[in-house]
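Notes follow once the structure below has been shown.
Along the sequence shown, residues are numbered consecutively beginning with 1.
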Amino acid sequence: ILLKNTNKSYAAETTVDGVTYVYTQNGSNAENVYISKYNGEDIPKRTVTEINMPQQLDGYTITNIGDGVNNILGKRAYNCIDTYIIDRYIYKIKLTLPSNLVKINDNALSGIQFESSTIVLPSTLQTIGKSAFSNSNFHYLGGTLVIPDSVTEIQDYAFANSFYGMQYNEVTDSVQWVPSTEAVAKWWRSFPNGGTNITFGTGLKKIGEGAFLNQPYITAITIPSNVDEIGKGAFLGSGLEQINIQNRSTDLIIGDNAF
């Protein structure tokens, strides 16, 4: 049976360790992977769901996740400018990504409340898509983001607004995003693990427009020598106090209001 989503057709559905995945077969690879069920039911709300993604589905290697429209849970993805009351954000997951992942597709992890403050990106990853982690919370309580050396591009708004807080409303059974003011961010940074640490890999070439927009928990970054371009507004609204740019032999293109 051919399964259909918003604007794509999918060739297969399979269940591994109680998690049902939908994917497209492309040669020996499983692509556009997302999760449709958990133990035969919808993903539970407000409880932690642990998902250890396998390396393969039906013998096909998972190389990218997300269908480019919805997030990996098959829920509507919200871009970086959506900061309304959104009930999708009451899904909590503790996620382990496949070790052979090449790309995190557009919106793939958008709007998800991560249980862990540290996400491990595999060493095979090459591209982090547009709004891939936008409006998620995985750094809200302080965390570490290590971009592997294999990553060459962080696309537009990939991590935009992902340091925002959330406030649950029991009356409406929904979650309201609460943008972090500089005062709140400064308070969080005063704790030993209250800031956010970002390490960029040596293979990085481009940081897209608004890639780290509105993240006041970031205080310092080092731009590797291989980066050729930083898009406009890439770090706008951050708490940057120190910017280190490694020695380079070529010009660095920096967009308007990048910092």
Side-chain angles (χ1 to χ4, degrees), residues 1-45 47-77 88 91-116 118-134 136 138 145-155 158-159 201-205:
I1 298 175
L2 191 66
L3 302 175
K4 292 186 180 293
N5 202 337
T6 307
N7 60 2
K8 290 180 179 289
S9 294
Y10 292 91
E13 183 178 76
T14 190
T15 300
V16 179
D17 296 331
V19 181
T20 301
Y21 299 90
V22 180
Y23 69 94
T24 301
Q25 177 192 346
N26 184 6
S28 61
N29 297 329
E31 299 182 343
N32 307 318
V33 177
Y34 76 93
I35 296 164
S36 62
K37 297 289 183 181
Y38 183 80
N39 292 330
E41 306 287 342
D42 288 337
I43 299 292
K45 298 179 180 180
T47 58
V48 178
T49 301
E50 186 167 355
I51 299 174
N52 297 310
M53 296 190 70
Q55 310 309 314
Q56 296 184 329
L57 296 173
D58 297 329
Y60 300 104
T61 301
I62 298 177
T63 55
N64 64 62
I65 58 172
D67 68 358
V69 179
N70 299 297
N71 67 22
I72 196 175
L73 302 183
K75 308 299 179 182
R76 175 184 169 189
R88 271 76 174 176
Y91 294 94
K92 299 180 179 181
I93 64 172
K94 186 176 182 180
L95 181 66
T96 301
L97 296 171
S99 61
N100 292 312
L101 204 60
V102 175
K103 182 178 180 180
I104 299 176
N105 290 334
D106 297 356
N107 302 306
L109 298 170
S110 171
I112 293 176
Q113 183 177 357
F114 292 96
E115 177 65 14
S116 172
T118 298
I119 295 294
V120 178
L121 301 178
S123 59
T124 54
L125 189 65
Q126 297 176 14
T127 305
I128 300 174
K130 294 178 181 179
S131 299
F133 287 86
S134 66
S136 66
F138 71 93
L145 174 63
V146 177
I147 305 296
D149 291 342
S150 56
V151 172
T152 59
E153 183 177 7
I154 301 172
Q155 295 184 347
F159 293 91
T202 57
L204 188 61
K205 297 288 187 181

Taking the side chain as C-beta and beyond, is there a heavy-atom pair between L109 and L95 under 4.5 Å? yes

Between atom NZ of K103 and atom CG of N32, what is the distance when rounded to the nearest 0.5 Å? 9.5 Å

Is the closest side-chain heavy-atom distance between V151 and L204 below 4.5 Å? yes

Spatial distance of atom CD (Q55) from atom CG (L97) [nearest 0.5 Å]: 10.0 Å

In sequence, state the C-alpha distance, the side-chain angles, and the governing distance for I35 and I51, and then conclude on side-chain contact (heavy atoms from CB on, under 4.5 Å). CA-CA 10 Å; I35 296 164; I51 299 174; 3.6 Å; yes

Spatial distance of atom OG (S134) from atom CG (N71) [nearest 0.5 Å]: 9.5 Å

Using side-chain heavy atoms (C-beta onward) and a distance below 4.5 Å, is M53 in contact with I65? yes

Within this structure, what is the CD-CG distance for the pair Q155 and D106, rounded to the nearest 0.5 Å? 6.0 Å

Would you mind reporting whether N107 and S131 have side-chain heavy atoms less than 4.5 Å apart? yes

How close do P122 and P148 get, counting heavy atoms only, and between which atoms? O-CG, 3.3 Å

In Å, rounded to the nearest 0.5 Å, how long is the span from CG of N105 to CG of N64? 4.0 Å

For side chain to side chain donor-acceptor pair (under 3.5 Å), just list the numbers for T20 and E13, CA-CA rounded to whole Å, side-chain angles, deciding distance to a tenth of an Å, and then say yes or no. CA-CA 7 Å; T20 301; E13 183 178 76; 6.0 Å; no

With a 4.5 Å limit on heavy-atom distance, are the side chains of I104 and L121 in contact? yes

Rounded to the nearest 0.5 Å, the NZ atom of K130 sits from the CD1 atom of I154 at a distance of 15.0 Å

Give the minimum heavy-atom separation between S123 and S150, together with the two atoms involved. O-OG, 2.8 Å

Closest non-hydrogen contact found for V102 with L125 is O-CD1, 3.4 Å

Those residues that, when tested against K205, pass salt bridge (Lys or Arg N to Asp or Glu O under 4.0 Å) (two or more places apart): none

4.5 Å side-chain heavy-atom contact, F159 and L145: yes

Within-4.5 Å side-chain heavy-atom neighbours: I128 and I147: yes

Passes side-chain contact (heavy atoms from CB on, under 4.5 Å), N100 versus T63? Steps please. CA-CA 6 Å; N100 292 312; T63 55; 5.7 Å; no

Strictly distance-based, threshold 3.5 Å: is any side-chain N or O of T124 a donor or acceptor partner for the main-chain N or O of S99? yes

At their closest point, which heavy atom of V16 faces which heavy atom of L57, and how far apart are they? CG2-CD2, 4.0 Å

So do the side chains of D58 and Y23 get within less than 4.5 Å of each other, counting heavy atoms only? yes

